[in-house]
Amino acid sequence: MINFEWKGVFPAVTTKFTDNDELDFNAFDINLDAQLEAGAEGFILGGSLGEASVLSDDEKFALLRHTVEYVQGKVPVLLNIAEQTTKAAVAYAQKAYDNGADGLMVLPPMRYNSDPRETVAYLAAIAKSTKLPIMIYNNPVDYKIEVTLDMFEELAAYDNIQAVKESTRDVSNVTRMINRFGDRFKIFTGVDPLAMESLVMGADGWVAGLVDAFPKETVAIYRLVKANRIAEALEIYRWFLPVLELDIHAKLVQYIKLAEVATGIGTENVRAPRLPLIGAERERVLKVINDALAKRPQLPVGSWGAVTEMAV
């Protein structure tokens, strides 16, 4: 089994497109560089923010191969699995391994509201089919299926199911997981506007969205919380919150890509049926971003960049 440490900020990276609607690896690499410079500790490809639903399988695996080669083992590279059938998900997991993935993030079945027995069987089948470490993406708000604590009890039998992206929107669930399982499952907060609260409650990491535009600030909040420098983290978080709330909108892709443009590390191109923002909506989102940029905080020394031990 591949092993790495489940901790830190894992950007759910956006997929960059050229004006001709092809993968834009040059723009993609600019963002990867910014994340690595800031101190990101993993990458997640092909999630909702990565526009997975409009990517071909060839494009997804091209992104995976490119990212694995580009980061050269500096951080783990995870590929998201969001499939409709168990057979397809198992095949996808195998192909991810063959193309160099270090791990998987896995959603319950798509388009079918599977019951708990079916959901556990689906996730277990993927786990049994691969050596790759797995993060379960638990997001009943957007995807309508909750992976409950009792279901995690069953899934604990599989050593490679190691982490959860906690997106239930219930911060108390972090404590429930820890009370029930100790450190059996590493917990990553998956909702940007609840991230600091979840980290304070004991989450091990942060699968982040607005990190794609603001990598240093995201890493700084994570590290300051983990160093128990809560007041300093809170000051940054309060500044950041209006921007972080762009992550919980149906148009999060367009919103976050617009933020990437504003900070100079992305492009605004999306793939149809998504369209770039226009009119009053665009102006509203730009105001949130520009207001934040006008008051961008000075970050404490050592709160981002190469990993170091921060003073408590």
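In this view, Thr14 and Lys16, Glu260 satisfy the side chain to side chain donor-acceptor pair (under 3.5 Å) rule, not counting sequence neighbours. With sequence neighbours left out, Asp212 forms a side chain to side chain donor-acceptor pair (under 3.5 Å) with no residue at all. Listed by chain and residue number, nothing satisfies the ring-ring contact (aromatic ring centres under 6.0 Å, His included) test with Phe17 (two or more places apart in sequence, or in another chain). Residues satisfying the salt bridge (charged side-chain N to carboxylate O under 4.0 Å, His left out) test with Asp33, not counting sequence neighbours, are none. Among residues two or more places apart in sequence or in another chain, the salt bridge (charged side-chain N to carboxylate O under 4.0 Å, His left out) test is passed with Asp170 by Arg176. Residues passing the salt bridge (charged side-chain N to carboxylate O under 4.0 Å, His left out) test with Glu245: none are found, sequence neighbours excluded. For Arg184, the salt bridge (charged side-chain N to carboxylate O under 4.0 Å, His left out) criterion is met by no residue, not counting sequence neighbours. Taking the side chain to side chain donor-acceptor pair (under 3.5 Å) definition, one finds that Thr148 meets it with nothing, sequence neighbours left out. Annotation: side chain to side chain donor-acceptor pair (under 3.5 Å) contacts of Asp19 (sequence neighbours excluded): Asn269.
The aromatic rings of Trp6 and Phe10 lie parallel to each other, their planes meeting at an angle below 30°, with 60° marking the opposite boundary. Ring-plane geometry between Phe240 and Phe214 is classed as perpendicular, the angle between the planes exceeding 60 degrees on a 0 to 90 degree scale with a lower cut at 30.
Within the structure, side chain to side chain donor-acceptor pair (under 3.5 Å) contacts touching residues 274-299 (residues at least two apart or in different chains) are Glu217-Arg296, Lys251-Glu281, Tyr255-Glu281, Tyr255-Arg284, Glu268-Arg282, Lys287-Asp291. Counting only residues at least two apart or in different chains, side chain to side chain donor-acceptor pair (under 3.5 Å) contacts with residues 84-97 comprise Gln94-Asp98.
Arg271 approaches Val54 most closely through the heavy-atom pair NH1-O, 3.0 Å.
The side-chain heavy atoms of Phe43 and Leu36, taken from C-beta on, include a pair separated by under 4.5 Å. In this structure, Phe185 and Phe152 have side chains that are in contact, with non-hydrogen atoms separated by less than 4.5 Å. Taking 4.5 Å as the limit, some side-chain heavy atom of Leu45 sits within range of a side-chain heavy atom of Val77. Between Lys7 and Glu41 the shortest side-chain heavy-atom distance falls below 4.5 Å.
For Tyr237 and Trp239, the ring centers sit 6.0 Å or farther from each other.
Think of Ile265 as one node in a network of Ile, Leu, Val, Met, Phe, Trp and Tyr side chains linked at under 4.5 Å; its network also takes in Ile30.
Residue Val106 forms a side chain to side chain contact (heavy atoms under 4.5 Å, CB included) with just one option from Ile161, Leu123, Asn80, Leu78, and that option is Leu123.
Panel note: side chain Lys257, backbone Thr15; a donor-acceptor pair is recorded below 3.5 Å. Remark: the backbone N or O of Ser48 is not paired with any side-chain donor or acceptor of Glu51 at under 3.5 angstrom.
In this structure, Lys165 forms a cation-pi arrangement with Tyr137, its terminal cationic atom sitting closer than 6.0 Å to the ring centre and no more than 45° off the ring axis.
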